[in-house]
Amino acid sequence: MVSFALHGVGVSGGIAIGRAQLVSHATLEVAHYTVTTRQVAGEIERFTLAVDEVKRELEGIHAAMSGGDVPGEFGAFLDVHWMILNDPTLSEAPKKIIAEQHCNAEWALMQQMGVLVEQFEQIEDSYLRERKADVVQVGERVLKRLMGRPGVLPAAKAEEQTILVAHDLSPADVIQFKSHHYGAFLTDLGGVTSHTAIVARSLNVPAVVATHNARQLIRDGELLIVDGNNNVVIVNPDRAVLAEYRLRQNEFDLTRQKLKRLRTKPAETIDGVRIELYANIELPDDLEQALENGAGGVGLFRSEFLFLNRDGLPSEDEQFEAYRTVAEGMAGRPVTIRTFDLGADKQKAGLDGLSRVAPNPALGLRAVRFCLAEPRLFVTQLRAILRASHYGNVQILVPMLASSGEIDQTLVMIERAKESLRDQNAPFNADILVGGMIEIPAAVLAMDAFLKKLDFLSIGTNDLIQYTLAVDRADEAVSHLYDPMHPAVLRLIALAITTATRAGVPIAVCGEMAGEAQLTRLLLGMGLRHFSMHPAHLLTVKQRILQSDCASAKSFVDRIRRADDPRKLLGLVDRLNV
Amino acid sequence: MQVREIEITHRLGLHARACARIVQLASRFRCNVALVCGRRRASARSIVAVMLLAGAFGSFVRVETDGPDEGAAMAAMERLLRDGLGMPA
């Protein structure tokens, strides 16, 4: 076995050593055979069935995503894929080829894909030409079905690390990563913002992309070293190299281990300011990871994830069980349950969700607006949360509030849920704390009602950025304008923290910004004392807090707030992190 | 039949999501909607055909609507092409 190295772009750091698992390119191995006149109808039927199965596959993936644990752009891509699948050029033309040429369905589809790809190749505009990838991905999905190999990724073997090697990973593949434990990802295509990169980073797994021909050069089962820090992949390493990398891997793991030792250490700055570090969770199962990383509480329980992989609404009892599990698991530490953050398009997963596209979902009937429009659904959830409040330190967090009227309506709903429980003599915490998400600039600029009527606040930076800059980051055409460091965003966050703190109302940040160690000092300097983030980031942020000084961060941040030149601002943030 | 020439003003041209929106919109009308870009012609109900038009930034697309609700379809297509393509879906 020859040892060689491949270079690419490391989009997620760390070192992994493991066996290659190739995700096969269905197109390479398609057989061609003729069928008899009598078999033609059966062959067409087989093709139709495969297309239908892929339709269901895509719908299933779409339904599983409705909770929103993946960037919204995947939803849009899936819509495009679904439409391509339904396009006669892909779903009808091969049938004609089967009938005319008496060939097998796979071959007919291959030929038709070839025709389409050739037409795409003639397009001059390079960006539009590359859209052929979508057509190929959809076609391959059908091919895999026809060949009895559904387009679901193979599960990683448990005994040793498995490294996924693929030409490219489609958005649909990406959704499945959560349940498979790959040691690293390797793709021929891709860049820093590719799906592979985003997912690898969120899973804390090394990834090298843009290796050009890794998939052709690497064979199934070969030993690989993936070094995401140095953009390199070593195939069949010799003993010396392997030993060297095991050493490096150990060092890397040791750093992680050291972080683990911080688990029980209180998060306190050099100047003795105590910081609360909470975890964002999606399902009761995430609790384990939160506790392993020393979460002081759950700052954001994204309850809409209870909708995952199902058609109907979870019943009150089902919800109650989920909330109670988390409440008991956190043993008296705060559990902040955010009420459903659903949009009208996510109301019913499956077919409806795919075909109905709200004109502008981010500005439409979503989150609390949707809940207030569907009082039965809302009261059911509130009752479930209230019932769980008997078993732990449960709090209610309401998303997307913009106005005083919405707060009043929400509080009335909570009262209504409480009354119905009282009528039934069901136990609950009558003094349950109710908080609001600060996600809309209006909420920051007119915070009085929030401060008067709510017990605590939590800034959702992702939406706050989207609404402040009028940028849908799921829209590839404008996503480059999505900028957490925009002066307006920073000023809004700082204003929210200052206003709430002055009024004595606790305020947290629970968006992605809270989990970025690069921004920890900036937020500390703005006066933030309460962070909630993905459990994977808790210890890194804690380490940063232990090395920070609130007073000096504050004086620095005052200068940053005055900076209007973005470059100067970024320079100041860099210096803050030194 | 109604015919109108419209300039593509979106930087990325008729990108995938834009094509999806065109097809979704065209499917709401009963009349036939066709798009012509240079020598290529596409039914606005086929996403692959619309993608293959390769309508690039700054080029012109001819919209043809033919059928009972051709006026409304033309107005809607024009609105989408003129300012809708960059908007979130």
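By convention in this document, chain letters (A, B, ...) are assigned in the order of the sequence lines, proteins followed by strands, and residues within each chain are numbered from 1. The figures that follow rest on heavy atoms only: side chains count, while hydrogens, waters and symmetry mates do not.
- Atom CD of A:Gln119 and atom CE of B:Met51 lie 12.5 Å apart (nearest 0.5 Å).
- Both the backbone and the side chain of A:Gln122 come within less than 4.5 Å of a heavy atom of chain B.
- Scanning all heavy atoms of the two residues, the minimum distance from A:Val80 to B:Ala16 falls at CG2-O, 3.9 Å.
- In this structure, A:Asp125 contributes its side chain and B:Ala56 its backbone to no donor-acceptor pair below 3.5 Å.
- Sparse packing is recorded around CD of A:Glu124, with 12 or fewer heavy atoms of other residues, nucleotides or ligands lying under 6.0 Å away.
- How far CD1 of B:Ile47 is from CG of A:Asp134: 8.0 Å, rounded to the nearest 0.5 Å.
- B:Glu5 CD: more than 12 foreign heavy atoms inside a 6.0 Å radius.
- A distance of 13.0 Å separates CZ of A:Arg129 from CG of B:Leu52, quoted to the nearest 0.5 Å.
- Between A:Ile84 and B:Val48, the shortest heavy-atom contact is CG2-CG2, 4.1 Å.
- Atom OG in B:Ser46 sits 9.5 Å away from atom CE in A:Met83 (nearest 0.5 Å).
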